[in-house]
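Both counts, for ligands and for their atoms, begin at 1 and track the order of listing. Residue numbers run from 1 in the order of the sequence given. As a basis for the values below, the full set of heavy atoms in this structure was taken, side chains included, without hydrogen atoms, waters or symmetry mates.
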Amino acid sequence: MEQKLRQEAKALLEQNKVDWIIGFEPGSLKFAATPLITKDKNDTERLIINPFIFNNLADFLTSLEGRVGIVAKGCDSRSIISLIQDNKLAREDLVIIAVPCPGLIDLAKIEQLVGKDRDELDDITREGDKVIVKIEGKKKEFSTIQTLFDHCLACELPTPQEYDILLGEVRPPALELEVSGRNINKLKETSPAERWKFWESELSRCIRCYACRNVCPACFCQRCFVEETEPQWVMPMPRWQDNLIFQIVRNIHVAGRCTDCGECERACPVNIPLRSLTREMYNMVDELFQFKSGMDKEALPLMAHYEQEEAEDLFR
Ligand code: SF4
Ligand code: SF4
Ligand code: SF4
């Protein structure tokens, strides 16, 4: 798959079909891939595909000028469709190189399972439904249910529906919804007062680095409300109450655009369980409006159109 990707990406640049290629190259840390954004055909030799290609690359599209060839997992492709629906991108400016995605390995889960830091591990490989971890010359075997990111265990579209080049065979959805949603469900079983305490405690750890916003393709405002000073919606210092407002408003802004790509939670340096908010909003949007972001390219953007029979007078 990697060889085909490199050939296709190189050909796209050579034939001037695109100005940019966005993909992944090896990162400087162990078990890490880093986004590669290039105009140079020689760089395409560094392109990789592995179980650690975490970023949702759609996030970079709105800041590039020109035609772009983009490596897209299923969730990335849903974000791309959503951005097209919001008129943030034009389909004709994109060449989507589709990666049928078997799910990404959550290094935090591996660390917990083996009781070691990722730097102490020799290797992590995927063999079918197994993930093999090598430590001090010995192999330990785990199932994918134990080791993939929670959002990958609820993946509805591992292979992009919309693409120009397909690398490999189409993969079926992975729907381990019970395992994927266990943290959210546990939280829902608590009382409102307990939940309030939970979020007070979690959001007290937020350092307002905005990594969760910056990695999110659905967060595309040129000026975020948190940076407005007139009016000042939230204080810049990370008080938990302001952190809560930041997350509530961010969730409302991405409602109908969030694809449950899991990037905000992964990027949070203090491990705040942000998916408990974003996935719950994703489920609510589905329940209320029968809408799943980026699944249907003919659909109108959820928050940018209204129907004659809307319940609210405001819209009629
Ligand atoms: S959500 Fe789906 S497409 Fe996205 S990384 Fe996980 S398995 Fe791959
Ligand atoms: S990534 Fe985490 S710490 Fe940073 S602003 Fe978001 S919630 Fe706060
Ligand atoms: S809110 Fe989080 S899960 Fe949803 S699209 Fe943005 S980064 Fe992905």
Checklist entry - Which residue owns the protein heavy atom closest to atom 4 (Fe) of ligand 1, what's the atom, and how far is it? => result Cys75 SG, 2.3 Å

Checklist entry - If you count the atoms of ligand 1 from 1 in the order shown, which ones are under 4.0 Å from a heavy atom of Lys73? => result 3 (S), 5 (S)

Checklist entry - Relative to the heavy atoms of Gly103, which atoms of ligand 1 are at a distance of less than 4.0 Å? => result 7 (S)

Next on the checklist: For the residue pair Ser79 / Asn56, report whether a side-chain donor-acceptor contact shorter than 3.5 Å exists.
Outcome noted: yes

Item to check | Residue, atom name and distance, where the atom is the protein heavy atom closest to atom 8 (Fe) of ligand 1 | outcome: Cys101 SG, 2.3 Å

Next on the checklist: Between the side chains of Lys39 and Asp19, is the shortest nitrogen-to-carboxylate-oxygen separation below 4.0 Å, so that they form an ion pair?
Outcome noted: no

Checklist outcome for this item: min-distance protein heavy atom vs atom 3 (S) of ligand 3 -> Gly262 N, 3.3 Å

Checklist entry - Side chain of Asp117, backbone of Asp119: donor and acceptor closer than 3.5 Å? => result yes

Checklist entry - Counting only N and O atoms by type, is there a donor-acceptor contact under 3.5 Å from the side chain of Arg171 to the main-chain atoms of Pro158? => result no

Item to check | ligand 2 atoms in contact with Gln247 (distance to a heavy atom under 4.0 Å) | outcome: 6 (Fe), 7 (S)

Next on the checklist: Could you tell me, atom by atom, which parts of ligand 2 come under 4.0 Å of a heavy atom of Tyr210?
Outcome noted: 4 (Fe), 5 (S)

Item to check | Numbering as shown, the atoms of ligand 2 that approach Cys206 to under 4.0 Å (heavy-atom distance) | outcome: 3 (S), 5 (S), 7 (S), 8 (Fe)

Checklist outcome for this item: Going by the 4.0 angstrom heavy-atom rule, the piece of Val270 near ligand 2 is side chain

Checklist entry - Is there a donor-acceptor pair under 3.5 Å between the side chain of Arg67 and the backbone N or O of Asn16? => result yes

Checklist entry - Taking the six-membered ring of Phe198, is the NZ or CZ of Arg195 close enough (under 6.0 Å from the centre) and on axis enough (within 45°)? => result no

Checklist entry - Do Arg275 and Ser180 have side chains that get closer than 4.5 Å, going by heavy atoms? => result yes

Item to check | Name of the residue among Asp150, Asp286, Asp260 meeting salt bridge (charged side-chain N to carboxylate O under 4.0 Å, His left out) with Arg279 | outcome: Asp260

Item to check | Whether Gln85 side chain and Asp296 backbone form a donor-acceptor pair below 3.5 Å | outcome: yes

Checklist entry - Contact between His151 and ligand 3, counting heavy atoms under 4.0 Å? => result no

Checklist outcome for this item: among protein heavy atoms, the one nearest atom 2 (Fe) of ligand 1 is Cys155 SG, 2.3 Å

Next on the checklist: Give me the nearest non-hydrogen protein atom to atom 6 (Fe) of ligand 1 as residue plus atom name, then the distance to 0.1 Å.
Outcome noted: Cys152 SG, 2.3 Å

Checklist entry - Are the side chain of Lys73 and the backbone N or O of Ile53 linked by a donor-acceptor pair below 3.5 Å? => result yes

Next on the checklist: Using the ring centroid of each side chain, check whether Tyr210 and Phe246 are separated by less than 6.0 Å.
Outcome noted: yes

Next on the checklist: Is the shortest side-chain heavy-atom distance between Phe54 and Phe149 below 4.5 Å?
Outcome noted: yes

Next on the checklist: If the cut-off is 4.0 Å to any non-hydrogen atom of Leu104, which atoms of ligand 1 fall inside it?
Outcome noted: 5 (S)

Checklist entry - Which protein N, O or S atoms does atom 6 (Fe) of ligand 3 have within a distance shorter than 2.8 Å? => result Cys216 SG

Checklist outcome for this item: Within 4.0 Å of some non-hydrogen atom of Arg208, the atoms of ligand 2 are 5 (S), 8 (Fe)

Next on the checklist: As an exercise, identify every atom of ligand 2 less than 4.0 angstrom from a heavy atom of Pro269.
Outcome noted: 1 (S)

Item to check | Test item: Gln15 side-chain N/O and Lys17 main-chain N/O as donor-acceptor pair under 3.5 Å | outcome: no

Next on the checklist: Among all protein heavy atoms in this structure, tell me which lies nearest to atom 1 (S) of ligand 3, with the distance rounded to 0.1 Å.
Outcome noted: Arg250 NH2, 3.3 Å

Next on the checklist: With a 4.5 Å cut-off on side-chain heavy atoms, are Glu280 and Asn251 touching?
Outcome noted: no

